[in-house]
Student: 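Quick one: the structure is below, questions incoming.
Letters A, B, ... mirror the listed sequences (proteins, then strands); counts begin at 1.
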Amino acid sequence: MTTKSMDAIMALCKRRGFIYQASEIYGGINGFWDYGPLGAQMKKNLREAWWQDMIMRPAWGRQGPGGKNVRCVPVETRIIQHPKVWEASGHVGGFNDPMVDDKETKQRFRADHVWVIFAYEETLIANILTQNSERLAAGETLPISIPPTFSVVAGSVTEALRYVIENVREFRPYRKAEWATNDLFDEPTVAMYDKDGRGFVANTLPLIEVLKHYSIDVIPSPATQKTGTLTPPRQFNLMFHTYVGATASEDDKAYLRPETAQGIFVQFKNVVDTTRVKVPFGIGNTGTSFRNEVTPRNFTFRSREFDQAELEFFCHPDESVEWYKFWRDFRMEWWKTIGLAGENLILREHEKDELSHYSQGTSDVEYRFPFTAPGFGELEGIAHRGCYDLTQHQEHSKTKLEYFDQEMQLRLQAEGKSKEEIAQKSKYIPHCIEPAAGLDRGVLALLCEAYTVDPSRPSPELMKFHPRIAPIKAAVFPLVAKDGMPEIAEKLHAELSDKFWRVGGVEMDEKQSIGKRYARMDEAGCPFCFTIDGETAASQTVTVRDRDSGQQERIALDKAGEFLKDKLGM
RNA sequence: GCGGGUGUAGCUCAGUGGUAGAGCGUCAGCCUUCCAAGCUGAAUGUCGAGGGUUCAAAUCCCUUCGCCCGCUCCA
């Protein structure tokens, strides 16, 4: 594969009106992009394709595991939810990792991963123990204050101390370290020895705790063990917040959603109670989400405001793995059918250690963008979320979100199962499979995949969109603007517009040379151009030019609509 | 948030203190019977923004914003 130039793609997007920088005349705003006429239509086509193939006729009418029909319904939920929704989902906590930077080495650490080690001289400890034996016996805690000795990066106390033991020579003047126990501390401790054999007792506390008693300036950096180079912990708050109500006090604080999925979980009970859906079934939701990214980068790939198309598919726990595989495979296939058919698209199953604790499987549909190549960037994640979300909301909202499976009850009764077993198995919190696609990333991938440079063509740049995605479906040209050709073209244009306006644009262009007009349509990604020429009036035929090959065929004038309908798969 | 690069017409870019340019595109007219063709003409800019130095700033200095690359981050 030849590497495509992202700069060239971005230039074309601007030039042809696919994507503009948001608020450009004011200098732009970091992490936000607008769509121009062609981009807006294209994104609408993508969302429409998702809606049709996921909600209206899920998985193209295929049957799911066990020959079950696949039923999905839509909801449209709000960007602003009750703040507790985001506490239950874990986003408020998870989006609030404080970070510290090392000003000298420019390294950044999660504050909760920095462990400060205190090493006490053994003789000092011994003295304290003997001098305060009565107070210690009474269960008192002794205030002992010594400067932090060094710090390490680790996920837990044990991991931190294990690191010290295994890499003790990094920490001068210590030469040797081993696990130890000590009466003074409840926590695990380590015994360390310097080159003269003097003994020390070391324990560790998380940085955040240590900062309650010490200034950041006396904490050694885990990168260099020098003091004075760390910044105070800073919150990287990825949640956008706002205020509900005109008074804008702290009590009115609310969040803009970081994903559309939670709106589905929160309305799960209502959908079950009001729409006669039965497990297994899916609920889809599309819309805008917000994440205050640390570093928006790579054109529209990591924007702060973006659109998602998410399906939450609810099923019985015993069938959940089968449904997970079903959706994972279908989603991969789906992206292929709308224009990402090449080797740039992969399905990547997450490794065990990448999975959330509640997940039995997660895959990403990934695309090799020019800016990620040779790596890949995530387009869609398909996650087995277990019963995690509904359970969380059940706990936080104190509302029962169990599903009563009447079919299961009848089946178990027929099988003569015990009352206890029937009651237990027919009432459950469904498991959930979540295919969550990024629409803006989808558009970006489709743009990158479609962008083609063919130096052998008179106009080398073209966009090879799949007809279903192409914002302009067809164009009509009179070969020259005389001899009655414009009149015939006008008529054909009117006919095609009338037939296809629901799915995309039909253009008419009679200005300038025919080559220039073809070139313009190539850059807009219009798949078919109908040209009225000198023969049309006599033979009632037109030529159709295929964008990708440049080849033309001659068809009957009154068959143009049918031709296009067929090519658009309608 | 740090470091490096960059910002001049719709796009690509030239312009190192002295009257803002080129190519392409766009538009108009002519010409033209199939691929950014030809001829003629036209429009288009607070030189990213703000401040400073100077008789004079796209150009030098400071601040700031956007974009690109690397680091960092990515429930």
Side-chain angles (χ1 to χ4, degrees), chain A residues 5-8 10-17 20-33 36 86 89-110 113 223 231 234-239 258-259 261-262 291-302 354-359 362 370-371 377-378 381 383 385 388 454 456-462 477-483 485 510-523 529-537 542-547 549-552 554:
Chain A
S5 154
M6 205 56 215
D7 285 346
M10 288 167 69
L12 187 144
C13 282
K14 171 77 185 287
R15 190 163 74 236
R16 288 297 166 190
Y20 307 130
Q21 201 179 359
S23 310
E24 187 178 315
I25 62 170
Y26 287 96
I29 175 162
N30 192 353
F32 297 86
W33 299 87
W86 308 112
S89 69
H91 286 93
V92 173
F95 271 53
N96 274 293
D97 294 332
M99 312 288 289
V100 294
D101 288 327
D102 183 321
K103 286 179 279 193
E104 192 177 288
T105 66
K106 309 301 178 199
Q107 281 178 278
R108 166 171 293 168
F109 310 98
R110 275 177 62 167
H113 283 179
T231 63
R234 280 176 296 204
Q235 297 276 330
F236 282 71
N237 193 345
L238 298 198
M239 291 286 275
E259 62 171 34
Q262 296 305 323
R291 295 183 198 186
N292 219 340
E293 297 286 354
V294 179
T295 315
R297 223 23 106 75
N298 291 327
F299 203 25
T300 59
F301 183 76
R302 180 168 295 164
E354 272 183 279
L355 295 178
S356 315
H357 62 278
Y358 50 76
S359 182
T362 298
F371 48 80
E378 182 183 344
R385 297 188 61 88
Y388 177 76
D454 180 352
S456 72
R457 292 165 70 118
S459 52
E461 283 179 298
L462 68 153
F477 304 147
L479 184 57
V480 289
K482 61 175 188 184
D483 299 342
M485 294 183 209
E510 56 177 54
K511 295 284 185 185
Q512 299 180 324
S513 74
I514 190 74
K516 200 168 279 196
R517 283 178 277 165
Y518 285 144
R520 273 200 283 252
M521 285 300 125
D522 283 348
E523 281 200 347
C529 294
F530 297 94
T531 303
I532 283 72
D533 61 14
E535 288 180 43
T536 302
V542 292
T543 61
V544 194
R545 172 183 178 273
D546 177 81
R547 175 198 62 208
S549 66
Q551 298 298 308
Q552 288 177 301
R554 185 166 281 278

Student: Where the side chain of A:Ser23 meets the backbone of A:Tyr26, is there a donor-acceptor pair that is under 3.5 Å apart?
Tutor: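 Checking the backbone N and O of A:Tyr26 against the side chain of A:Ser23, no donor-acceptor pair under 3.5 Å is found.
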Student: May I ask which nucleotide in the shown strands pairs with B:C60, Watson-Crick or G-U wobble, both distances under 3.5 Å?
Tutor: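 WC or wobble partner is B:G52.
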Student: At under 4.0 Å between heavy atoms, what does A:Arg302 touch on the DNA or RNA strands: base, sugar-phosphate, or nothing?
Tutor: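 It contacts base atoms.
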Student: Between A:Leu12 (CG) and B:G25 (P), how many Å, whole number?
Tutor: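 Distance check: A:Leu12 CG to B:G25 P gives 15 Å.
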Student: Considering just the side-chain nitrogens and oxygens of A:Lys516, establish if one lies under 4.0 Å of OP1 or OP2 belonging to B:C35.
Tutor: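 For B:C35, neither OP1 nor OP2 has a side-chain N or O of A:Lys516 closer than 4.0 Å.
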Student: B:C35, B:U33, B:C69: which one has an atom nearest the side-chain heavy atoms of A:Lys482?
Tutor: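 Nearest to the side chain of A:Lys482 among the choices is B:U33.
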Student: Distance between the P atoms of B:C30 and B:A14, in whole angstroms?
Tutor: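 Rounded to whole Å, the distance is 38 Å.
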Student: Taking all non-hydrogen atoms of both residues into account, name the closest pair between A:Glu24 and A:Lys14 and its distance.
Tutor: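 Minimum heavy-atom separation between A:Glu24 and A:Lys14: OE2-NZ, 3.4 Å.
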Student: Taking the P atom in each of B:U72 and B:A9, what is the distance between them to the nearest angstrom?
Tutor: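 Per the computed distance, 35 Å lies between those P atoms.
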Student: Between B:C27, B:C35, B:G29, which nucleotide has the shortest distance from any of its atoms to the side chain of A:Lys511?
Tutor: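 Of the candidates, B:G29 comes closest.
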Student: Taking for each residue the nucleotide of RNA chain B bearing the nearest heavy atom, is the 5' side occupied by A:Phe32 or by A:Arg16?
Tutor: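 Its nearest nucleotide being more 5', the pick is A:Arg16.
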Student: For the C1' atoms, the ones on B:U46 and on B:G7, what distance do you get once it is rounded to whole angstrom?
Tutor: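 These two C1' atoms come out 15 Å apart once rounded.
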Student: Mind checking A:Phe477 for me? I need base, sugar-phosphate or nothing, with any heavy atom below 4.0 Å counting as a touch.
Tutor: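 If one applies the 4.0 Å heavy-atom cut-off, A:Phe477 turns out to touch nothing in the nucleic acid.
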Student: Is the backbone of A:Pro478 close enough, under 3.5 Å, to the side chain of A:Arg517 for a donor and an acceptor to pair up by distance?
Tutor: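 Here the side-chain-to-backbone pair exists.
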Student: Only pairs with both distances under 3.5 Å count, Watson-Crick or wobble alike; so what is the partner of B:C47 in this structure?
Tutor: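 Checking every strand shown, B:C47 finds no partner, since no pair has both distances under 3.5 Å.
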Student: Should A:Arg15 and A:Glu461 count as an ion pair when the cut-off is N to O under 4.0 Å?
Tutor: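 Salt bridge: yes.
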Student: What does B:C67 pair with, Watson-Crick or G-U, if both distances are under 3.5 Å?
Tutor: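 WC or wobble partner is B:G5.
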Student: Is it the case that B:C34 (base atoms only) and A:Gln552 (side chain only) share a donor and an acceptor within less than 3.5 Å, ignoring hydrogens and angles?
Tutor: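 Checked by distance alone, the answer is yes.
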Student: Can you tell me the base-pairing partner of B:C39? Count Watson-Crick or G-U wobble geometry only, both distances below 3.5 Å, and say none if there is no partner.
Tutor: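 B:G29 is the nucleotide pairing with B:C39.
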Student: Atom NZ of A:Lys14 to atom P of B:C67: distance rounded to whole Å?
Tutor: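 In whole Å, B:C67 P lies 13 Å from A:Lys14 NZ.
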Student: Which is true for A:Glu523 with a 4.0 Å heavy-atom rule: it touches a base, it touches only sugar-phosphate, or it touches nothing?
Tutor: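 Touches a base.
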Student: Tell me whether the side-chain N or O atoms of A:Thr543 pair up with the base of B:C34 as donor and acceptor below 3.5 Å, since no angle test is needed here.
Tutor: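 It does, because a donor-acceptor pair links the side chain of A:Thr543 to the base of B:C34 below 3.5 Å.
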Student: On RNA chain B, check which nucleotide each of A:Gln512 and A:Gly31 is closest to and give me the residue with the more 5' one.
Tutor: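 Here A:Gln512 is the residue nearer the 5' end.
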Student: When the distance from CG of A:Asp522 to C1' of B:A36 is rounded to whole Å, what number comes out?
Tutor: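 So the CG-C1' distance, A:Asp522 to B:A36, works out to 10 Å.
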Student: What's the CD-P distance between A:Glu510 and B:C27, to the nearest Å?
Tutor: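 It works out to 12 Å between those atoms.
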Student: When A:Asp522 is tested against each of A:Lys516, A:Arg547, A:Arg16, A:Arg457 for salt bridge (charged side-chain N to carboxylate O under 4.0 Å, His left out), which residue passes?
Tutor: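 The single option meeting the salt bridge (charged side-chain N to carboxylate O under 4.0 Å, His left out) with A:Asp522 is A:Arg457.
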Student: Which part of the nucleic acid, if any, lies within reach of A:Glu461 when heavy atoms closer than 4.0 Å are counted: base, sugar-phosphate only, or nothing?
Tutor: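 Answer is nothing: A:Glu461 stays at 4.0 Å or more from every strand.
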Student: Can you give me the closest heavy-atom contact between A:Phe371 and A:Met6, atom names plus distance?
Tutor: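 The answer is CD2-SD, 3.7 Å.
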Student: Please state the P separation for the pair B:A56 and B:U64 - nearest whole angstrom.
Tutor: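 Taking atom P in both B:A56 and B:U64, they lie 26 Å apart.
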Student: Do A:Leu479 and A:Glu535 make a side-chain contact, defined as non-hydrogen atoms from C-beta onward lying under 4.5 Å apart?
Tutor: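 The answer is no, as the side chains (C-beta and beyond) never meet within the 4.5 Å cut-off.
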Student: How many Å lie between CG on A:Asp483 and C1' on B:U33, as a whole number?
Tutor: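 It is 8 Å, rounded to the nearest whole Å.
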Student: Any side-chain N or O of A:Asn298 less than 4.0 Å from the OP1 or OP2 oxygen of B:C67?
Tutor: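 Checking A:Asn298 against B:C67: no side-chain N or O falls below 4.0 Å of OP1 or OP2.
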Student: What's the closest nucleotide to the A:Arg297 side chain, out of B:U26, B:C2, B:U32?
Tutor: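 So the side chain of A:Arg297 is nearest to B:C2.
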Student: Expressed as a whole number of Å, how far does the P atom of B:A57 sit from that of B:G48?
Tutor: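 Roughly 15 Å separates the two P atoms.
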Student: With a 3.5 Å cut-off and just heavy-atom distances, do the side chain of A:Tyr518 and the base of B:C34 make a donor-acceptor pair?
Tutor: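 It does, because a donor-acceptor pair links the side chain of A:Tyr518 to the base of B:C34 below 3.5 Å.
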Student: So if I take every side-chain heavy atom of A:Leu479 and compare against B:C34, B:C67, B:A36, which nucleotide ends up nearest?
Tutor: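 Closest of the options to the side chain of A:Leu479: B:C34.
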Student: Using atom C1' of each nucleotide, how far apart are B:C24 and B:U19 to the nearest Å?
Tutor: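 Those two atoms are separated by 26 Å.
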Student: B:C13 and B:G50: how far apart are their P atoms, nearest whole angstrom?
Tutor: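 Roughly 25 Å separates the two P atoms.
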Student: Take the protein atom CZ of A:Arg15 and the nucleotide atom P of B:C11, then report the distance between them rounded to whole Å.
Tutor: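 Answer to the nearest Å: 9 Å.
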Student: For the side chain of A:Arg297 and the backbone of A:Arg302, is there at least one donor-acceptor N/O pair under 3.5 Å apart?
Tutor: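 Checking the backbone N and O of A:Arg302 against the side chain of A:Arg297, no donor-acceptor pair under 3.5 Å is found.
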Student: Whole angstroms only, please: what is the CG-P distance between A:Asn292 and B:C73?
Tutor: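 Those two atoms, CG and P, are 18 Å apart.
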Student: Nearest to the side chain of A:Asp533, which nucleotide is it out of B:U33, B:C34, B:G10?
Tutor: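 Output: B:C34.
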Student: Considering Watson-Crick and G-U wobble pairs with both distances under 3.5 Å, what does B:U16 pair with?
Tutor: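 Per the H-bond distance test, none.
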Student: With P as the reference atom in both, quote the distance from B:U59 to B:A49 in angstrom, rounded to an integer.
Tutor: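 Here B:U59 and B:A49 have their P atoms 10 Å from each other.
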Student: Heavy atoms only, 4.0 Å cut-off, all strands: where does A:Phe299 land among base, sugar-phosphate and nothing?
Tutor: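 Counting heavy atoms under 4.0 Å across all strands, the contact made by A:Phe299 is with sugar-phosphate only.
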Student: Give the rounded distance in Å between these two atoms: CZ of A:Arg545 and C1' of B:A36.
Tutor: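 Between C1' of B:A36 and CZ of A:Arg545: 11 Å.
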